[in-house]
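Scroll down for the structure; my scribbles are underneath it.
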Amino acid sequence: MKRWLSYAKPYKLYFILGPLLMIVEVIGEVLMPMFLGQILNAAANGSLNTTKCIIFICLMVLTALMMMVGGVGGAYFGTKASVNYAADVRSDVYKKIQKFSFANIDKFSTGSLVTRLTNDVTQVQNFVNTLLRMCMRSPGMFIGALVMAINLRPGLSWIFAISVPILAVVIGLIIKFSFPRFGIMQEKVDKLNSTVQESITNVRVVKSFVREDHETEKFTKANANLKNSGISAMKIMILTGPFMTLFMNITIAAIIWFGAQHVMGSQNAMPPGDLSQFITYANQILHSLMMLSMMFIMSSRAIASGKRISEVLDEKVDISDETSSHKDKTVTDGNIEFRNVTFRYYKNSEDSVLEKINLTIPAGKTVGIIGSTGCGKTTLVSLIPRLYDTDEGEVLVDGINVKEYSLKNLREGVGMVLQKNVLFSGTIEDNLKWGDEDASTEEIVSAASSAQANDFIMSFKDGYKTELEQGGVNVSGGQKQRLCIARALLKKPKILILDDSTSAVDTATEAKIRETFKGSLKDSTKIIIAQRIMSVMDADMIVVMNDGQITGVGTHNELMQTNTEYREIYASQMESKEKEA
């Protein structure tokens with residue numbers, strides 16, 4: 001509760017004014033039946049005249065204006081408070097997600113995080129808005145109308161002693177049964193979002209394998225599950241309205257029945273205006289309870305959403321700067337050392353992805369890493385910028401454990417082009433400036449030229465101002481790879497990691513890219529992960545990996561003499577090349 005209240009503090013004026021103005025509206029609603037009742041009573045006993053009628057009409061008009069000011073003002077400040085409240089919650093959730101490691105993101109799934117940022121925050125926003133408009137209005141109307149009704153005719157007020165407790169029990173049952181159902185519904189929203197995101201993001205793969213029917217069936221199933229859970233949750237709301245209306249009508253019928261006897265009674269007869277007032281107050285009492293029940297239903301859904309939001313905010317980020325003892329230290333040379341490193345993706349598993357890795361990479365050297373698919377190459381280099389942390393052993397950069405750097409300074413010193421090349425919507429220039437947002441035009445062109453991207457960029461009508469669609473889908477795979485390399489080069493990193501990032505580039509272009517490294521990045525440490533042995537043959541040092549372990553380290557000539565696995569890779573690829581020729 002303390003967390004949620006903290007979001008209200010910056011907007012406490014709105015949180016105070018909104019309910020107070022709603023009280024103004026409630027006062028008007030309680031007074032209006034009294035004025036109308038007085039007019040009816042005066043008309044019934046023949047004492048109504050023009051002056052009295054004008055006075056009551058003026059009072060009713062002034063009351064209506066007062067109600068309008070209170071209602072509009074309350075709604076305005078309530079909306080302003082809830083929207084700002086939700087914006088701050090959403091901002092904090094987004095900032096927390098930005099700090100998540102890959103492991104944290106995997107725990108929730110991308111679709112679930114999107115749902116929590118959007119749908120769940122919206123549910124909280126709607127509840128806050130409803131709460132501000134109803135928290136004073138419903139209790140105020142209930143108390144005010146009840147007091148006026150009892151004061152007007154105590155002999156009829158016993159009806160409320162029966163109806164109010166029954167409605168209170170109904171509201172309690174609503175809360176009990178609705179809460180778990182809304183939690184399940186939000187989980188189904190997660191599943192649907194994940195399905196849609198996966199299908200749309202990979203729509204080209206879906207079409208190439210003619211799997212539209214399969215994806216449609218998967219979506220239909222997720223959509224049906226959400227529909228069923230939604231109906232299950234909404235059944236309570238659907239049944240609540242008619243039940244409340246029926247109960248209100250029964251109560252009003254009872255009041256009319258017993259009130260009519262009071263009106264027609266010979267002693268202490270009840271004037272018709274008083275009966276009209278009493279019926280109106282009864283309606284207000286029951287309506288206020290109905291509003292409370294709807295507010296409690298919304299609270300059930302908001303509590304479920306709030307719990308899901310809190311799970312994100314309370315998630316412990318497993319990679320942070322808490323252990324950093326050299327926060328001001330930056331990567332200056334690019335020396336890398338792996339000391340007895342072991343890593344597991346699943347921490348309870350006995351099988352390691354990396355096992356007892358020991359490796360030293362001198363600054364400024366070009367290092368190639370080669371091995372079979374799934375042998376741990378990408379995992380190994382991911383430990384350098386702390387995309388993951390070691391389970392055992394340590395990774396050192398410039399003689400300092402990477403855990404002792406600040407994440408910002410460490411990652412500023414490491415440029416990484418991942419296997420899955422990602423571009424963002426915007427211009428080519430905007431994407432390249434991810435490497436250096438203050439880069440000049442000359443620096444951008446130079447980096448693109450080094451990555452062999454300048455020529456194809458200039459072939460576009462708008463050149464560097466060409467708009468890329470989401471994910472860079474309007475450029476080819478090879479062009480996308482070269483743009484990602486240019487982006488990394490613009491960063492001028494002390495350590496550059498290319499994770500199979502030239503696989504879609506022809507060998508001649510790849511050779512030109514590697515050649516430029518000797519000039520533009522001659523003092524930087526360059527790590528090249530590749531499947532093609534031709535991509536690493538000229539490296540200063542080649543690391544051969546198999547099944548999470550290093551099986552050989554040396555130059556091409558040295559490994560050809562000492563490493564059986566390397567020779568087999570070389571022989572198989574050269575044989576394939578000769579057959580193609």
Please determine, by modelled atom types, if [X] and [Y] share a side-chain donor-acceptor pair under 3.5 angstrom.
X: Glu412; Y: Thr330; answer: no
X: Tyr7; Y: Asp92; answer: yes
X: Asp213; Y: Thr216; answer: no
X: Thr220; Y: Asn223; answer: no
X: Gln125; Y: Ser82; answer: no
X: His556; Y: Tyr566; answer: yes
X: Asn129; Y: Tyr85; answer: no
X: Ser101; Y: Asn104; answer: yes
X: Tyr570; Y: Asn563; answer: no

Can any side-chain N or O of [X] pair as donor or acceptor with the backbone N or O of [Y] at less than 3.5 Å?
X: Arg308; Y: Ala304; result: no
X: Lys526; Y: Ser524; result: yes
X: Glu443; Y: Ser440; result: yes
X: Asn225; Y: Lys188; result: no
X: Lys96; Y: Leu313; result: yes
X: Asp436; Y: Asp438; result: yes
X: Ser91; Y: Ala87; result: no
X: Thr342; Y: Glu392; result: no
X: Gln549; Y: Asn546; result: no

[Y]/[X] salt bridge by N-O under 4.0 Å criterion:
X: Lys307; Y: Glu311; result: no
X: Glu429; Y: Lys465; result: yes
X: Asp389; Y: Arg386; result: yes
X: Asp314; Y: Arg3; result: yes

Passes side-chain hydrogen bond (donor to acceptor under 3.5 Å, both in side chains), Thr122 versus Asn119? Steps please.
CA-CA 5 Å; Thr122 299; Asn119 188 280; over 6 Å; no

Please say which of Ile361, Asp333, Ile384 ends up in a side chain to side chain contact (heavy atoms under 4.5 Å, CB included) with Val397.
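Single side chain to side chain contact (heavy atoms under 4.5 Å, CB included) partner of Val397 among Ile361, Asp333, Ile384: Ile384.
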
Leu423 and its side chain to side chain contact (heavy atoms under 4.5 Å, CB included) partner, picked from Lys480, Gln479, Glu469
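Result for side chain to side chain contact (heavy atoms under 4.5 Å, CB included) with Leu423: Lys480.
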
How far does CG of Leu380 sit from CD1 of Ile369, to the nearest 0.5 angstrom?
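Taking CG in Leu380 and CD1 in Ile369, the distance rounds to 5.0 Å.
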
May I have the step-by-step check of salt bridge (Lys or Arg N to Asp or Glu O under 4.0 Å) for Glu404 and Lys329, ending in yes or no?
CA-CA 9 Å; Glu404 296 180 2; Lys329 179 70 176 174; over 6 Å; no

Given the rule in the ring pair (Phe, Tyr, Trp, His ring centres under 6.0 Å) test, do Tyr388 and Phe343 qualify, once you have shown the distances and angles that lead to the verdict?
CA-CA 9 Å; Tyr388 295 99; Phe343 175 80; 5.5 Å; yes

Take Asn454 and Tyr464, measure what side-chain hydrogen bond (donor to acceptor under 3.5 Å, both in side chains) needs, and give me the verdict at the end.
CA-CA 9 Å; Asn454 184 63; Tyr464 285 85; 2.6 Å; yes

Please evaluate residues Thr507 and Glu510 with respect to the criterion side-chain hydrogen bond (donor to acceptor under 3.5 Å, both in side chains), reporting the C-alpha separation (whole Å), side-chain torsions for both, the decisive distance (0.1 Å), and the verdict.
CA-CA 5 Å; Thr507 54; Glu510 181 186 16; over 6 Å; no

Stepwise side-chain contact (heavy atoms from CB on, under 4.5 Å) test for Arg339 and Ile357
CA-CA 6 Å; Arg339 290 183 182 173; Ile357 297 291; over 6 Å; no

